[in-house]
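The model shown is predicted, which means the values in this text are computed figures rather than measured ones. Values reported hereafter were calculated over all heavy atoms of this structure, with side chains retained and with hydrogens, waters and symmetry mates removed.
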Amino acid sequence: VYRIKRRDLGASSDASVSVVEKWLETPKYLVAQSNRRTLWLATLPLRKATIIVAYAAFVAFLITYKSIKHDGNFLERVGFRAAWITATQTSLPFLLAVRVNPIGLLLGTSYERINWFHRWASRIFFASATIHGGFFTYEWLAANFFWKELQTVKMVIPGIGAWFVLLWTVISTIPIFRRIKYELFVLQHVLSVVLLLVLLVLHVPEHHLFSIWCAVGVFVYDVVTRSANPIWRNIRLRFSGTPSVRCAHEAKVEAVDDELTVVTVRNVGFRWTPGQHVLLWTPTFRWESPHPFTISNIPNAESSTQDVQLTLKAKNGLTRRLNSWARKT
């Protein structure tokens with residue numbers, strides 16, 4: 001009350017607040033802070049955390065079960081066990097990342113909603129690979145055999161290279177790096193994945209290459225489905241009296257102001273449900289990778305033609321360029 005009165009009288013500095021007033025305000029401030037922390041704790045993703053902890057515990061159990069025996073073969077035994085467990089995990093991060101996602105189809109959801117598990121499965125995959133390489137490296141260094149191992153065993157160097165590629169992949173997926181330039185992140189991420197698969201094929205022994213070839217198969221499946229889906233959505237053949245081929249769609253772009261853009265894609269030829277999204281790409285900004293946008297309108301059941309409307313908040317990259325382009329034209 002006193003602070004409101006002082007504000008109304010024109011006192012704008014906290015220096016005018018007496019010590020007694022500060023004492024009176026302190027309990028309210030502490031209660032507000034405790035309530036804020038309580039709300040933050042209440043919104044923790046406990047289900048996701050439970051799944052991550054359970055999966056990490058399962059991998060740790062597979063690596064350590066009957067392998068923790070402090071004898072002469074301890075380091076080599078744990079290193080080999082971690083190697084096989086790491087190799088068998090290779091396909092999971094790929095399966096969780098593909099756009100036309102088999103796991104998502106089984107769960108009735110999209111790849112975006114399980115992308116969080118893709119990131120954590122990749123980190124656990126990196127952790128088990130680090131255990132594999134770390135135990136072997138420690139054994140070779142303890143025996144003064146590290147450089148000799150590199151010279152005599154050809155598969156070691158590709159394995160070390162694969163670990164560094166994994167390390168870079170984990171570092172580059174930190175949000176602060178992804179937001180610098182998303183298109184650059186996607187490009188280097190795809191190149192890193194290809195390089196990783198090549199190095200793993202060179203590193204993993206032939207009798208265990210099946211797991212790696214499964215990951216390669218998932219990667220090829222992703223490339224094929226990513227290519228087939230836009231072809232299916234964007235090419236229309238007309239076999240009427242004047243046959244024709246229509247590629248892509250026409251769109252109307254309107255800048256409401258410098259922060260909001262409305263994009264209307266004409267006659268898309270498919271139906272959707274509220275909450276679904278589309279990937280948008282335009283040759284006007286050809287270097288911008290396809291961006292996902294949530295559809296803001298519902299299908300018109302009474303019309304044979306369907307227009308998709310997207311409401312875009314101008315931030316960085318494509319959304320900002322679309323807004324600037326629309327205001328200029």
Side-chain angles (χ1 to χ4, degrees), residues 55-56 59-60 62-63 67 73-98 115 117-178 180-223:
Y55 179 66
V59 172
L62 294 178
I63 294 175
S67 64
N73 297 322
F74 169 67
L75 295 173
E76 190 167 340
R77 182 170 55 251
V78 175
F80 271 119
R81 178 72 68 83
W84 308 140
I85 300 305
T86 302
T88 53
Q89 292 178 71
T90 308
S91 298
L92 183 59
F94 288 88
L95 276 172
L96 292 167
V98 297
N115 189 258
F117 191 48
H118 158 71
R119 293 193 295 269
W120 280 103
S122 301
R123 290 163 185 162
I124 295 171
F125 174 71
F126 171 71
S128 60
T130 303
I131 295 173
H132 158 61
F135 271 70
F136 272 115
T137 301
Y138 182 80
E139 181 185 34
W140 298 333
L141 290 175
N144 293 323
F145 196 71
F146 180 77
W147 298 111
K148 190 67 175 178
E149 185 74 18
L150 296 184
Q151 296 172 0
T152 55
V153 183
K154 295 181 179 179
M155 67 174 61
V156 174
I157 294 180
I160 295 175
W163 184 85
F164 277 104
V165 172
L166 274 175
L167 175 63
W168 165 249
T169 303
V170 172
I171 294 174
S172 64
T173 53
I174 297 174
I176 189 173
F177 293 107
R178 294 204 311 267
I180 293 175
K181 183 65 176 177
Y182 185 75
E183 288 75 18
L184 181 61
F185 161 75
V186 172
L187 177 61
Q188 65 84 25
H189 198 64
V190 173
L191 294 177
S192 298
V193 166
V194 174
L195 180 59
L196 174 65
L197 289 175
V198 171
L199 292 173
L200 288 177
V201 170
L202 297 175
H203 173 65
V204 176
E206 187 174 352
H207 62 274
H208 212 80
L209 271 177
F210 175 77
S211 300
I212 310 303
W213 287 122
C214 287
V216 173
V218 174
F219 180 78
V220 173
Y221 161 82
D222 186 37
V223 172

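If you take CH2 on Trp84 and CD on Gln89, they are separated by 14.0 Å, rounding to the nearest 0.5 Å. Here Phe125 contributes atom CZ and Thr130 contributes atom OG1; the two are 10.0 Å apart, rounded to the nearest 0.5 Å. Separating the OG1 atom in Thr86 from the NE2 atom in His208 is a distance of 9.5 Å, to the nearest 0.5 Å. With rounding to the nearest 0.5 angstrom, the CZ atom of Phe117 is 11.5 Å from the CG atom of Leu95. From Leu92, atom CG reaches atom SG of Cys214 across 12.5 Å, with rounding to the nearest 0.5 Å.
Of all non-hydrogen atoms in Leu200 and Ala162, the two that sit nearest each other are CD2-CB, 4.1 Å. Residues Ile63 and Arg81 come closest through the heavy atom pair O-CG, 3.2 Å. Of all the heavy atoms in Ala215 and Ser91, the pair that sits closest is N-OG, 3.3 Å. Closest non-hydrogen pair, Val59 versus Ser128, comes out as CG1-CB, 4.4 Å. Closest non-hydrogen pair, Ile212 versus Leu197, comes out as CG2-O, 4.4 Å. Across all their heavy atoms, Ala121 and Leu96 have their closest contact at CB-CD1, 3.9 Å.
Atom CZ of Phe74 has more than 12 heavy atoms from other residues, nucleotides or ligands within 6.0 Å. Other residues, nucleotides and ligands contribute over 12 non-hydrogen atoms within 6.0 Å of the CZ atom of Phe145. No more than 12 heavy atoms of other residues, nucleotides or ligands shown are found within 6.0 angstrom of CH2 on Trp213.
A 4.5 Å side-chain heavy-atom check between Trp120 and Tyr55 finds every atom pair outside the cut-off. Between Trp168 and Leu195 the shortest side-chain heavy-atom distance does not fall below 4.5 Å. Residues His189 and Thr173 have side chains in contact (heavy-atom distance under 4.5 Å, counting atoms from C-beta outward). No side-chain heavy atom of Ile160 sits under 4.5 Å from any side-chain heavy atom of Ile157. Taking the side chain as every heavy atom from C-beta outward, Leu196 and Thr169 never approach each other to under 4.5 Å.
Taking the six-membered ring for Trp and the full ring otherwise, the centers of Phe136 and Trp140 sit less than 6.0 Å from each other.
Using cut-offs of 30° and 60° on the angle between ring planes, the pair Phe219 and Phe94 is perpendicular. Ring planes of His132 and His203: tilted class, angle from 30 to 60°.
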